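Take a look at the structure below.
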Number of protein chains: 2
Amino acid sequence: MKTAATDTPAARPPVTSVLKLENQLCFPLYAVSRMVTKAYQPHLLALDLTYPQYLVFMLLWEHDQLTVKELGEKLLLDSGTLTPLLKRMEQKQWLSRRRDPRDERSVIIGLLPAGRALQAKAGRIPIDMLDKLHMSPAEISALRTQLTHILTQLA
Amino acid sequence: MKTAATDTPAARPPVTSVLKLENQLCFPLYAVSRMVTKAYQPHLLALDLTYPQYLVFMLLWEHDQLTVKELGEKLLLDSGTLTPLLKRMEQKQWLSRRRDPRDERSVIIGLLPAGRALQAKAGRIPIDMLDKLHMSPAEISALRTQLTHILTQLA
DNA sequence: TAAGGTTTAATTGTGGACAATTAAATCAGG
DNA sequence: CCTGATTTAATTGTCCACAATTAAACCTTA
């Protein structure tokens with residue numbers, strides 16, 4: 001009994017159950033992603049950051065200099081998303097945007113002091129977020145592994 | 001000197017590593033969700049549907065009539081997202097929007113014939129998507145369970 | 001070196017997401 | 001009944017996300 005048909009067990013059960021929201025993997029993925037982003041909100045708001053901007057910062061805190069292309073490859077985002085986002089971050093003096101003199105097609109994003117300064121303030125965010133999840137490090141690690149695996153299948 | 005230390009292993013490892021993209025759970029969640037949505041694209045495009053519209057349809061195919069509030073509760077979306085989305089779906093004659101005569105504050109969304117007709121065409125989508133994931137039903141079920149659990153922690 | 005193809009960002013247009021506000025309808029207490 | 005609080009959608013404004021197009025710079029190769 002895979003469909004739980006209440007009245008006509010043989011009629012259309014396979015088709016219907018497979019098209020039920022509760023039987024999808026995609027919906028919890030979509031919903032959890034949005035809810036997790038929302039859970040970051042209060043922490044990020046205190047730093048005047050949005051969630052995708054926070055992701056950009058995590059890369060810049062580590063690498064200091066990256067091209068738009070490199071950011072896009074690591075975040076799986078294209079220039080249509082990144083260009084306006086990076087311009088907003090530039091306006092806040094968090095980073096610089098300049099063409100690579102050796103290849104004028106590339107735009108190099110560089111971390112500025114104000115952007116570097118946010119790193120210390122952001123240090124508590126991942127810790128506070130882990131609290132909200134009520135999951136053990138092992139569970140989190142396992143989930144990340146599964147998701148990363150899916151990513152390699154799709155990306 | 002709290003920032004650098006490529007040479008002093010004990011200095012700031014906790015802070016930095018915790019702020020690395022690769023150590024986050026949130027990023028794979030965010031990226032996988034977008035990639036899965038993108039994987040639906042070719043299938044949905046054939047039906048002239050977007051992914052959130054497809055989610056709305058899965059609920060309407062099951063329930064036939066739902067208020068905006070009920071849709072929002074089930075999809076975890078607010079009226080700022082749903083109202084314009086539902087208006088676009090109304091324009092395509094997929095559904096109707098009318099006030100509840102017994103409570104004029106509520107808007108009842110009703111499935112129309114053209115919307116019902118899409119159900120049959122959508123039947124293959126979940127099956128085709130499962131193929132793309134290269135995961136066993138058990139793995140998928142386990143992952144859905146974990147995600148649903150996180151959802152209850154956050155929502 | 002000139003022509004054609006490739007790479008890289010930027011731009012444009014559409015469609016979500018969501019916070020905050022507005023406005024109408026309903027409800028509860030007096 | 002009347003008043004004030006609550007519920008519900010709609011609206012507004014900002015910020016992603018992404019497909020498709022454009023344009024400039026670079027590269028290849030004949």
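As the structure is a computational prediction, the values presented were derived from the model and not from experiment. Each chain gets a letter, A, B and so on, in the order the sequences are listed, and its residues count up from 1.
- A donor-acceptor contact shorter than 3.5 Å links the side chain of A/Arg34 to the backbone of B/Leu76.
- Distance CD1 (A/Ile109) to C1' (C/dT8): 13 Å, rounded to an integer number of Å.
- The number of heavy atoms from other shown groups lying within 6.0 Å of NZ (A/Lys121) does not exceed 12.
- Annotation: of the two residues near DNA chain C, B/Leu77 and B/Arg102, the 5′-most nearest-nucleotide partner is B/Leu77.
- Listed by chain and residue number, B/Trp61, B/Trp94 satisfy the ring-ring contact (aromatic ring centres under 6.0 Å, His included) test with B/Phe57 (two or more places apart in sequence, or in another chain).
- Rounded to an integer number of Å, the gap from B/Leu85 CG to C/dG15 C1' is 8 Å.
- Side-chain contact annotation: A/Gln119 with A/Arg116, donor-acceptor N/O pair under 3.5 Å present.
- Judged as a ring pair (Phe, Tyr, Trp, His ring centres under 6.0 Å), not a single pair has a partner in residues 118-144 of chain A (not counting sequence neighbours).
- When atom types are taken as modelled, the side chain of A/Arg98 and the backbone of A/Ile109 share no donor-acceptor pair closer than 3.5 angstrom.
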Go along nucleotides 5-13 of chain D 5' to 3' and tag each nucleotide: B for a protein heavy atom under 4.0 Å from its base, S when only backbone or sugar atoms are that close, - otherwise. --BSSBB--
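- Hydrophobic cluster membership is shared by A/Leu47 and B/Phe27, with clusters built from Ile, Leu, Val, Met, Phe, Trp and Tyr side chains linked at under 4.5 angstrom.
- Sorted by residue number, the members of residues 30-60 of chain A with any non-hydrogen atom under 4.0 Å from DNA chain C read A/Tyr30, A/Arg34, A/Lys38.
- Taking atom CD on A/Gln91 and atom C1' on D/dT14, their separation rounds to 13 Å, with Å as the unit.
- Salt bridge status for B/Lys69 with B/Glu73: present, with a side-chain N to carboxylate O gap under 4.0 Å.
- When side chains are defined from C-beta on, B/Leu19 counts as touching A/Tyr54, because their heavy atoms get closer than 4.5 Å.
- Residues satisfying the ring-ring contact (aromatic ring centres under 6.0 Å, His included) criterion with B/Tyr30, sequence neighbours excluded, are A/Tyr51.
- For the contact set between residues 147-155 of chain B and DNA chain D, defined by any heavy atom under 4.0 Å, there are no members.
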